[in-house]
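Reading through the structure tokens given below for one structure.
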Amino acid sequence: MRRQLLVFSFAVVSIAVSGCARTQNGALGQTEIRDPFESANRRVHDFNVGFRSVIVEPVAKLTPAPILTSVSNVLGNLNSPLIFVNDLAQGRACAAGVTIGRFFVNTTVGLGGLFDVAGTQLGYHGHDNGFGQTLNVWGVVEGPYMVVPFLGPSNARGLVGMTGDFFLDPMDLAFSKAKLGRLNRPRAGGEVLIEQIEAAPQLAKLENTSLDGYAALRSAQMQSEVQARKPPPCPVTPARQESSRAYDVLQINK
Amino acid sequence: MFAKLDFAHEASHATDLFVGGRYVARLVLIYGFIGILACALTSLPARSSSEGARQFVDTSAKQGIQILSNRAASDADRRAQFATVVLAAFDSDGIGRLVVGPAWATATPEQQARFQAVFKRALVNIYLERFFDYDGESLRTFGAAPTANDAMIVTSTVSTPSGSGKHNLEWLVVRRAGQQKILDVTIDGVSTTATTASDYQSVLRATGGNFDRLIGLLDAKNK
């Protein structure tokens with residue numbers, strides 16, 4: 001599986017380097033993404049819309065909110081070491097300090113991450129980070145726009161980042177070393193589901209007000225990638241949570 | 001004091017100027033005063049216009065969001081009141097022209113008029129969805145900065161009623177026929193007008209630039 005991902009990652013990089021640059025235009029400075037795989041991407045987008053309405057939204061409706069929050073907290077806490085590594089790789093010492101502080105507080109006082117004590121009681125809110133974001137900060141070109149099954153909009157750089165996260169996640173490595181590697185896949189699946197549940201209301205709003213939901217989401221995703229390059233304040237407040245996902249920056253009713 | 005500013009006289013006594021420290025100090029004071037006055041007078045309109053833009057956004061946004069927060073009113077009433085505020089505060093014609101891009105120039109005046117009529121309703125729907133869950137009381141506007149093309153960007157933050165979500169909003173304010181109008185709201189880095197432009201221009205590309213088709217789809221979406 002890892003070898004396949006590595007090969008896939010190299011293929012993606014090759015495509016990215018093959019001249020899929022972004023062009024600047026538009027009265028408001030909006031940029032137009034080159035989308036050479038548009039027809040395939042649209043099919044995946046349609047699949048993701050179906051996945052959201054058939055699986056994600058019913059699960060969100062049937063699961064009590066406190067349970068969703070707790071699961072989200074635990075998974076977010078397990079992601080902290082990966083976020084910490086990427087904070088450091090981006091030279092964001094303050095953000096790295098907040099991340100590691102949150103990890104210790106939430107793991108101990110927050111009962112293994114069930115409760116976000118650091119955020120709700122101490123005001124140290126979490127932020128997202130990953131290798132894709134690190135590549136973004138390092139100035140790596142985004143490459144062609146790509147929609148990933150289950151996960152949503154991304155680009156070649158984002159896919160390489162996901163591969164990097166897969167190999168470098170300290171918690172994955174720790175689980176494997178402790179002979180708990182079988183937990184990694186359910187954890188990854190849970191992360192995808194929670195992420196989609198949290199994003200679903202915003203995605204629905206974007207769909208409701210657009211004629212071509214695919215084009216609107218692609219534009220929002222591209223703008224959020226540009227936004228994510230700006231250094232955020234530290235400690236991170238909820239308003240400044242970084243993410244490479246368009247629907248995160250479109251959060252309006254969370 | 002100003003009567004003493006005789007430049008010919010000052011030139012003929014240049015040596016005295018440099019020798020007499022008191023004379024130089026007086027000149028520095030006079031020219032400094034004039035400079036400061038000129039500076040203050042020229043920056044006054046800019047400062048007043050940026051404060052005006054901030055107040056305009058603060059008033060309009062609070063009004064709109066508070067209408068949506070009023071759960072006691074019926075959905076239809078809230079929608080109607082919100083539409084009035086949006087159409088008064090936003091430059092819907094200007095936004096309409098922007099979102100269709102180059103196709104605007106090729107559309108007939110009759111098509112343009114029909115588009116603007118349906119777009120007004122679409123614009124209200126877009127901002128209704130964007131602002132629906134905001135808490136009007138939490139809106140804070142911080143100030144305005146001029147852009148290169150004489151517009152103003154007003155920065156603000158707003159939260160959801162639970163306080164769990166706090167968002168950074170940037171309002172692009174322009175002057176239209178002497179009145180301030182909002183041309184765009186950027187929410188956490190994502191421009192609403194730019195996103196709508198990508199959406200509509202994608203439809204135009206897919207339909208070979210068929211303006212009537214765009215109007216038809218928009219009209220159907222509004223219903």
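Between A:Gln223 and B:Ser191 there is a side-chain heavy-atom pair separated by less than 4.5 Å.
Distance check: B:Leu214 CG to A:Leu211 CG gives 6.5 Å after rounding to the nearest 0.5 Å. Taking CG of B:Asn168 as the start and CD of A:Gln227 as the end, the distance is 8.0 Å to the nearest 0.5 Å. Here CG of A:Asn208 is found 5.0 Å from CD of B:Glu129. Values are rounded to the nearest 0.5 Å.
Of all the heavy atoms in B:Ser198 and A:Ala215, the pair that sits closest is O-CB, 3.8 Å. Nearest heavy-atom pair across A:Leu206 and B:Arg130 is CD1-NH2, 3.8 Å. Of all non-hydrogen atoms in A:Glu207 and B:Lys221, the two that sit nearest each other are O-NZ, 3.1 Å.
Judged as a side chain to side chain donor-acceptor pair (under 3.5 Å), and not counting sequence neighbours, A:Arg43 has no contacts.
Shown here is B:Arg176, whose CZ atom has more than 12 heavy atoms of other residues, nucleotides or ligands within 6.0 Å.
The contact between B:Leu218 and chain A is made by backbone and side chain atoms together, counting heavy-atom distances below 4.5 Å.
A donor-acceptor pair is defined here as one N or O able to donate and one able to accept, closer than 3.5 Å; no such pair exists between the side chain of A:Asp212 and the backbone of B:Asp199.
Below 4.5 Å, heavy atoms of chain A meet no heavy atom from residues 99-109 of chain B.
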